[in-house]
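Have a look at the structure below, then the notes.
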Amino acid sequence: MAWFRRCVVLLLLVQWVKQEDTGGWGRESSLNDEGECNIEVRDVNSITHTEFIREYAYTKPVILKGVTDNTKFRLLCSKDNLLREYSKKTVRLSTANTHSYRKVDVRFEEFVKVLLTPQSEDTLGSDTLYFFGDNNFTEWNSLFEEYKAPPYGLPYTSPAYSFGIAGPGTGVPFHWHGPGYSEVIYGRKRWFLYPPDHSPEFHPNYTTLSWLTQSYPLLETHNKPLECTIRPGEVLYFPDRWWHATLNLDTSVFISTFLG
């Protein structure tokens, strides 16, 4: 019987470690296709702030590794902890389409337990509720205080945070705005980017998943985007006015730092 008890303990340990790796958010219904990565990747030992400004800040995206340690923030973003702290708080959801947004206020607990579901390819962006931004900074400030933003700032800008959680297959279609960073805390997020002078062809009410399955395979080589899938602890920087679309491959927790 001793060997049986050891096996049970080992099985429970494996399950616990697996849950810890995802923060309890799970990987059911995850998407497998991470695509290629044709964006430069730099780590904290290979880039200085001066090099970041000179080579990337105003010209092209870059993926940064190891520039911050958000271990504590990651633990605070586990499913159990966020539900314990914010379950009764109201969060504002937006529809995932490009030009017009419908806003819906729900309790955080309802969003996580009812609305945080995988995205099907045929669901329109206007029917997809997405939790990103619109954070009540009074209520979420204690969480944001623990986040360490990337250290490479831009002159004459200040950071503003947008926190989000989304299910597999969700994402926002192509759009653009000012420069910023996006860090994945749990899950994986696939990015597609075009420079400001290359407007992508897309339907503003079709999701990124729909675009990926229907339009992406038909793109000629010169029309293909820069792309990469980022994972926990990795940070993507995108310059001002660059077109970008995102696709969450897992249930993902993420935070963006907009530089305005």
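Values below: every heavy atom of this structure, side chains too, minus hydrogens, waters and symmetry copies. Quick caveat, the model's predicted, so the values are computed rather than measured.
Here the side chain of T157 pairs no donor or acceptor atom with the backbone of G153 at under 3.5 angstrom. One N or O on the side chain of N38 and one on the backbone of E227 form a donor-acceptor pair closer than 3.5 Å. The backbone N or O of E51 lies less than 3.5 Å from no partner atom in the side chain of Y152, so there is not a single donor-acceptor pair. Although no hydrogens or angles enter the test, the distance criterion places no donor-acceptor pair under 3.5 Å between the side chain of H198 and the main chain of P196. In this structure a side-chain-to-backbone donor-acceptor pair under 3.5 Å is missing from Y161 to F144. In terms of modelled atom types and a separation under 3.5 Å, the side chain of D250 and the main chain of S252 share no donor-acceptor contact. Between the S46 side chain and the D43 main chain, a donor and an acceptor come within less than 3.5 Å of each other. Judged by distance alone, with hydrogens and angles left aside, the side-chain atoms of R188 form a donor-acceptor pair with the main-chain N or O of L31 at under 3.5 Å.
Note that CD of Q119 is 6.5 Å distant from CG of L209, once rounded to the nearest 0.5 Å. The OG1 atom of T170 sits 5.0 Å away from atom OH of Y130, with the distance rounded to the nearest 0.5 Å. One finds the OG1 atom of T48 at 6.5 Å from the CZ atom of R54 (value rounded to the nearest 0.5 Å). The distance from atom CG of N223 to atom CG of L218, rounded to the nearest 0.5 Å, is 11.5 Å.
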Verify side chain to side chain donor-acceptor pair (under 3.5 Å) between E109 and Y86, making sure each step is shown before the conclusion. CA-CA 8 Å; E109 182 178 35; Y86 300 102; over 6 Å; no
In sequence, state the C-alpha distance, the side-chain angles, and the governing distance for Y147 and E183, and then conclude on side chain to side chain donor-acceptor pair (under 3.5 Å). CA-CA 11 Å; Y147 178 65; E183 179 170 354; 2.7 Å; yes
Verify side chain to side chain donor-acceptor pair (under 3.5 Å) between T213 and E121, making sure each step is shown before the conclusion. CA-CA 8 Å; T213 57; E121 180 187 336; 2.8 Å; yes
Under the salt bridge (Lys or Arg N to Asp or Glu O under 4.0 Å) rule, what do R231 and E34 come out as? Steps first, then yes or no, please. CA-CA 10 Å; R231 301 168 184 81; E34 294 190 353; 2.2 Å; yes
Kindly determine whether D80 and S78 satisfy side chain to side chain donor-acceptor pair (under 3.5 Å), including the steps that lead there. CA-CA 6 Å; D80 286 346; S78 70; 6.0 Å; no
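Considering L143, N70, I165 as possible partners of C77, the one that fulfils the side chain to side chain contact (heavy atoms under 4.5 Å, CB included) test is L143. For the side chain to side chain contact (heavy atoms under 4.5 Å, CB included) criterion with R190, the lone passing option out of I230, T208, D33 is D33.
Of all non-hydrogen atoms in P168 and S29, the two that sit nearest each other are CB-O, 3.3 Å. Closest approach of Y237 to A57, counting heavy atoms only: OH-O, 2.5 Å. Contact detail for S162 and F258: the closest heavy-atom pair is OG-CE1, 3.4 Å.
Aromatic rings from H244 and W176 are positioned such that their centres are separated by 6.0 Å or more. The aromatic ring centroids of W243 and F192 lie 6.0 Å or more from each other. F174 and H203 have their aromatic ring centers separated by at least 6.0 angstrom. If you look at Y216 and W211, their ring centroids are closer than 6.0 Å.
Contact check on E55 versus R42 returns a salt bridge, with a Lys/Arg side-chain nitrogen under 4.0 Å from an Asp/Glu carboxylate oxygen. Using a cut-off of 4.0 Å between Lys/Arg side-chain N and Asp/Glu carboxylate O, R27 and D21 are scored as not salt-bridged.
Note on ring orientation: taking the six-membered ring where Trp is involved, the planes of F163 and W140 are tilted (angle from 30° to 60°).
With hydrophobic clusters built from ILVMFWY side chains whose heavy atoms lie under 4.5 angstrom apart, F238 shares a cluster with V172.
Counted by atom type alone, D105 and T90 present zero donor-acceptor pairs between their side chains at under 3.5 Å. For S120 and T123, the side-chain atoms include at least one donor-acceptor pair closer than 3.5 Å.
Atom CD of E201 sits in a sparse spot, with 12 or fewer heavy atoms from other residues, nucleotides or ligands closer than 6.0 Å.
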